[in-house]
Amino acid sequence: MDDVLKYWPVAVTLFNVAFLVAGWALMKTFATKKELDEEGKARATAETRITIIEERLKNHPDHDDLGDIHERINEALSGISQAIAGISGLVASVRSLENQVGVLLEVKVREGK
């Protein structure tokens, strides 16, 4: 018992130092109110930005819309290809007519001499 009475101030000092170190470690581990407020503001800003982006994306076409657009473009290209084929046929007809008109003009010019 004498040893306990002799070393009790040292033991109390060690316990106080241990509690002081534990308190300091807890203080460094957990966030302060200021840090929590800053984090809350940053999170609110991020959530606002995400909401704005989500609203903008609602107006953009989705996968099905892009598929429909692709089909329409393919249909238009098919129509354009058919029109080009028809025009190519007309070009041949116009050239034939041009040759016939040239021949007729040449015959008329020779008859006029």
Who pairs with E71 by side chain to side chain donor-acceptor pair (under 3.5 Å), at least two apart in sequence or on another chain?
->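 By the side chain to side chain donor-acceptor pair (under 3.5 Å) rule, E71 matches no residue at all.
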With sequence neighbours left out, write down each residue that passes salt bridge (charged side-chain N to carboxylate O under 4.0 Å, His left out) with K33, or none if nothing qualifies.
->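 Applying salt bridge (charged side-chain N to carboxylate O under 4.0 Å, His left out) to K33 gives D37.
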Show the atom names and distances, to 0.1 Å, of all donor-acceptor pairs under 3.5 Å that link a side chain in residues 7-32 to residues at least two apart or in another chain.
unit_1, atom_1, unit_2, atom_2, d
W8, NE1, L5, O, 3.4
T13, OG1, P9, O, 2.7
N16, ND2, V12, O, 3.4
T29, OG1, A25, O, 2.6
T32, OG1, E35, N, 3.3

For the [atom1] atom of [X] and the [atom2] atom of [Y], what is their distance to the nearest 0.5 Å?
X   : Y   : atom1 : atom2 : value
I69 : N74 : CD1   : CG    : 12.0 Å
R43 : T48 : CZ    : OG1   : 13.0 Å
E75 : H70 : CD    : NE2   : 11.0 Å

Donor-acceptor contacts under 3.5 Å from residues 80-99 side chains, at least two apart:
unit_1, atom_1, unit_2, atom_2, d
S81, OG, L77, O, 2.9
S88, OG, I84, O, 2.9
S93, OG, G89, O, 3.2
N99, ND2, R95, O, 3.4

For a quick test of your reading: what N or O donor-acceptor pairs under 3.5 Å do the side chains of residues 51-60 make, sequence neighbours left out?
unit_1, atom_1, unit_2, atom_2, d
T51, OG1, E47, O, 2.8
E55, OE2, K58, NZ, 3.2
H60, ND1, R56, O, 2.9

